[in-house]
> 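This structure is in structure tokens; I'll ask about it shortly.
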Amino acid sequence: MAQAPSKASNKAGAKVDAGGGHTWSPSRSAAGKYSHWLIVAIISIPTFMEVLDTSIANVALDHISGGLSITTDQATWVLTSYLVANAIVIPISGWLSDAIGRKRYFLLSIALFTLASLLCGLAPNIGTLVVARVLQGIGGGGLAPVEQSILADTFPPKQRGMAFAAFAIVVVVGPVLGPTLGGYIVEYSSWHWVFLINVPVGIAAWFLVETFVDEPDQVKKDRDERFKNGLTIDYVGVALVALGLGFLELTFDRGEREDWFSSGFIVMSAIIAAVSLVTLVIWELNHKDPVIDLKLMKNRNFALTIGVMGVTGMILFGTTQLIPQMLQQVLGYSSLDAGLALTAGGLATLVMVPFAGRLSGLVDVRFLLFPALLVQAFALWNMSHLTADIAFSDAAFARLFQAMALPFLFVPINAIAYVGLKQTQTAQASSLLNVSRNLGGTIGICFAQTQLAGGLQRHQSELTQTLNPLDPNYNDWMQKATSVFGGQGDATTPLAVLYSQMQRQATMLAFLDVFRAMMVVVLCVAPLVLFMRSGKTGGAPSGGMH
């Protein structure tokens, strides 16, 4: 006897997702008449360009300061200005995408990012460069969230694992390749090309998106329905986002350089950020058309993925900065060689991403996330046992071991985050996920640098206490060193060599402390995965006809 059609499908081809109770419909797909995977390749180009830019300029700071005749501290505003602008735009990109139109907003973002990159490359002074970087951050802020939203709408739940595997290649590998590419450019060309390289890529990406990416009628109808009474802008919410996240990013980025709360500027910045963010939460939860839909956090699964995504960002960005820094400061590597040590990790990520994408649609995501976090903890433990005499291969393998597990964090998190959400919520959900990743990365870098500075002072003090004539080891070393340097310098030469070695060991011990502290953070967060909704991110839709 035939059964009545279930609510799992409708005339539009909608399907219930694998555990959320909400429907997915192909009517919001951006693929149109083209292959879904062609769309993935096209929209990944501008996002990769933007993500790469978050780290590629780091290694060019010395060259920028020299070329523009400014101090290194002044040059760091090239990084800060971009990060602040990016932090402000990302959370409101979901609303902007809905209000302007998803494809139109994506094209505007590409155009602004490309034009700003040209201005950065041609900047004659630091003021012009900082303004151009702000525009670049505004343009780049919407690229990753919009791509993520397009992927969630274009692919059914059972295929999202592989779709977000492609997205993982962009977001995870981009920051890894940034220091290597940046080091190569500044070593064999000039710092201007760190930015100018984006221009031809951006132009090509704009034409490809304009030609192949579709703006579905359903997306237009949803926008018309939402704004049928006119476009109302949550000016207060936008202002609070700008003040809260902008000053929070400023606090984290400049805190270590300004000696934290001993600086009046940092105190003021932190207070503005805290008051603005608290007010933002209260305002947005009570606004009928909020610029950030914080009510999504009532979905336990989504809230937990936000937390785990933040830790993933902390691990990715924190270690991506720490490892080259350690190799340069302790082992004397060039910026290019230090970046190459990360390349093995990038290759490992590329190899493992397809497996993570396939498994995300076949098994309970908790069986991927929990072991992946444990592997991250073990990799950080392994890094905390490195020495100041390691070879290049040792550093590369340590990163490779860590990077192998990153896809099994990033892909399942992105795939499971949309389970239980309506398709009309994907833009807002994508924005919050990217806020979590970026904010986690900022906190990770800030945490690492603060721990590093404190650890260096502590280990210097401890090691200095042993350098006195009452210590037999000190006397024995000085006698041997004096005989070695006899006739080649004055009596202070052995002391200078000893101090240099002590400084090197203290620096290495400080780095090891940071790796150990990050390991503890990962172990504390890992149990949260067990409270996520069980089930696969994909699979056959439930409730279908039998």
Side-chain angles (χ1 to χ4, degrees), residues 55 168 172-173 175-177 179-180 308 310-333 337-353 355-356 367-412 440-441 443-445 447-452 454-456 458-459 504-527 529:
S55 61
V172 176
V173 177
V176 173
L177 294 182
T180 306
V308 178
V311 174
T312 302
M314 184 195 78
I315 296 168
L316 174 61
F317 288 96
T319 56
T320 297
Q321 185 183 68
L322 271 180
I323 294 175
Q325 187 179 354
M326 179 185 71
L327 295 178
Q328 288 177 279
Q329 292 183 8
V330 179
L331 291 111
Y333 282 31
D337 289 338
L340 287 173
L342 299 180
T343 304
L347 295 176
T349 299
L350 287 173
V351 171
M352 299 308 295
V353 155
F355 295 100
F367 296 154
L368 297 177
L369 290 174
F370 191 70
L373 285 169
L374 294 183
V375 171
Q376 287 299 315
F378 186 76
L380 290 166
W381 176 85
N382 178 57
M383 290 179 186
S384 72
H385 286 76
L386 297 174
T387 70
D389 300 315
I390 59 172
F392 179 89
S393 58
D394 297 323
F397 178 79
R399 178 63 173 185
L400 184 147
F401 181 61
Q402 182 209 17
M404 288 177 63
L406 280 175
F408 294 96
L409 279 175
F410 195 85
V411 176
I443 292 173
I445 292 171
F447 173 80
Q449 296 306 312
T450 303
Q451 290 286 315
L452 187 63
L456 180 57
R458 185 176 64 256
H459 287 297
R504 184 166 176 259
Q505 291 296 329
T507 303
M508 187 67 188
L509 289 171
F511 277 106
L512 302 186
D513 286 347
V514 178
F515 291 131
R516 199 172 293 113
M518 295 180 75
M519 176 195 71
V520 172
V521 173
V522 172
L523 288 176
C524 290
V525 172
V529 171

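Only a predicted model underlies this, so the values are computations on that prediction, with no experimental measurement involved.
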> So, for Gln451 and Ala517, which heavy atoms are closest and what is the spacing to 0.1 Å?
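Result for this residue pair: OE1-CB, 4.4 Å.
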> Report yes if some heavy atom in the side chain of Gln376 is under 4.5 Å from a heavy atom in the side chain of Val311; otherwise report no.
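The answer is no; the side chains never approach within 4.5 Å.
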> Between Ala395 and Ile390, which heavy-atom pair has the shortest distance, and what is it?
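Scanning both residues completely, I find the closest heavy atoms to be CB-CD1, 4.1 Å.
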> Would a distance-only check, ignoring hydrogens and angles, find a side-chain to backbone donor-acceptor pair under 3.5 Å from Arg399 to Ile323?
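No, Arg399 side chain to Ile323 backbone: no donor-acceptor pair under 3.5 Å.
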> Are the side chains of Asp394 and Thr387 in touch, meaning some heavy atoms are under 4.5 Å apart?
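No, every pair of side-chain atoms sits at 4.5 Å or beyond.
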> Kindly indicate whether the side chain of Leu452, heavy atoms from C-beta on, has any atom under 4.5 Å from the side chain of Leu456.
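Leu452 does not reach Leu456 side chain to side chain.
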> Would you say Met352 has more than 12 foreign heavy atoms packed within less than 6.0 Å of its CE?
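Yes, because the 6.0 Å sphere around CE of Met352 holds more than 12 heavy atoms from other groups.
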> If you count heavy atoms of other groups shown closer than 6.0 angstrom to CZ of Phe447, is the number above 12?
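Counting other residues, nucleotides and ligands, CZ of Phe447 exceeds 12 neighbours.
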> Search all heavy atoms of Ala356 against all heavy atoms of Phe408 and return the closest pair with its distance.
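Smallest interatomic distance, heavy atoms only, reads CA-CE2, 3.6 Å.
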> If you apply the rule side-chain contact (heavy atoms from CB on, under 4.5 Å), what do you find for Leu386 with Met508, and how did you get there?
CA-CA 9 Å; Leu386 297 174; Met508 187 67 188; 3.8 Å; yes
> How long is the straight-line distance from CG of Asp389 back to CG of Leu331, given to the nearest 0.5 Å?
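Nearest 0.5 Å value for the CG-CG distance: 8.0 Å.
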> Ile315 vs Gln402, test: side-chain contact (heavy atoms from CB on, under 4.5 Å). Steps then yes/no.
CA-CA 10 Å; Ile315 296 168; Gln402 182 209 17; 3.1 Å; yes
> Measure the spacing between CZ of Phe397 and CG of Asn382 and express it to the nearest 0.5 Å.
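Answer for the CZ-CG pair, Phe397 versus Asn382, is 7.0 Å.
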> Are more than 12 heavy atoms, taken from residues, nucleotides or ligands other than Phe378, located less than 6.0 Å from that residue's CZ atom?
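At most 12 heavy atoms, drawn from other residues, nucleotides or ligands, come within 6.0 Å of this atom.
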> Mind listing the closest non-hydrogen atom pair of Ile445 and Phe317 along with its distance?
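The pair with the smallest heavy-atom distance is CG1-O, 3.8 Å.
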> Taking all atoms of both residues into account, what is the closest heavy-atom pair of Leu369 and Pro412, and its distance?
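That would be CD2-CB, 3.9 Å.
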> Identify the two heavy atoms, one from Arg516 and one from Ser384, that lie closest to each other, and give their separation to 0.1 Å.
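Heavy atoms only, the tightest pair is NH2-O, 3.4 Å.
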> First locate atom NE2 of His459, then atom CZ of Phe511, and finally report the distance between them rounded to the nearest 0.5 Å.
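Result: 11.5 Å between the selected atoms.
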> Determine, step by step, whether Leu322 and Met518 satisfy the side-chain contact (heavy atoms from CB on, under 4.5 Å) criterion, reporting the C-alpha distance in whole Å, the side-chain angles of both residues, the deciding distance to 0.1 Å, and the verdict.
CA-CA 11 Å; Leu322 271 180; Met518 295 180 75; 4.0 Å; yes
> To the closest 0.5 Å, what do you measure between CE (Met314) and OG1 (Thr319)?
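OG1 of Thr319 is found 9.0 Å from CE of Met314.
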> Within a strict 4.5 Å, meaning less than it, do heavy atoms of the Leu512 and His385 side chains meet?
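No, side chains not in contact.
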> Are any non-hydrogen side-chain atoms of Gln325 and Gln449 less than 4.5 angstrom apart?
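They are in side-chain contact.
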> Could you check if a side-chain atom of Leu523 sits within less than 4.5 angstrom of a side-chain atom of Leu374, using non-hydrogen atoms only?
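A side-chain contact exists here, since the closest heavy-atom pair is under 4.5 Å.
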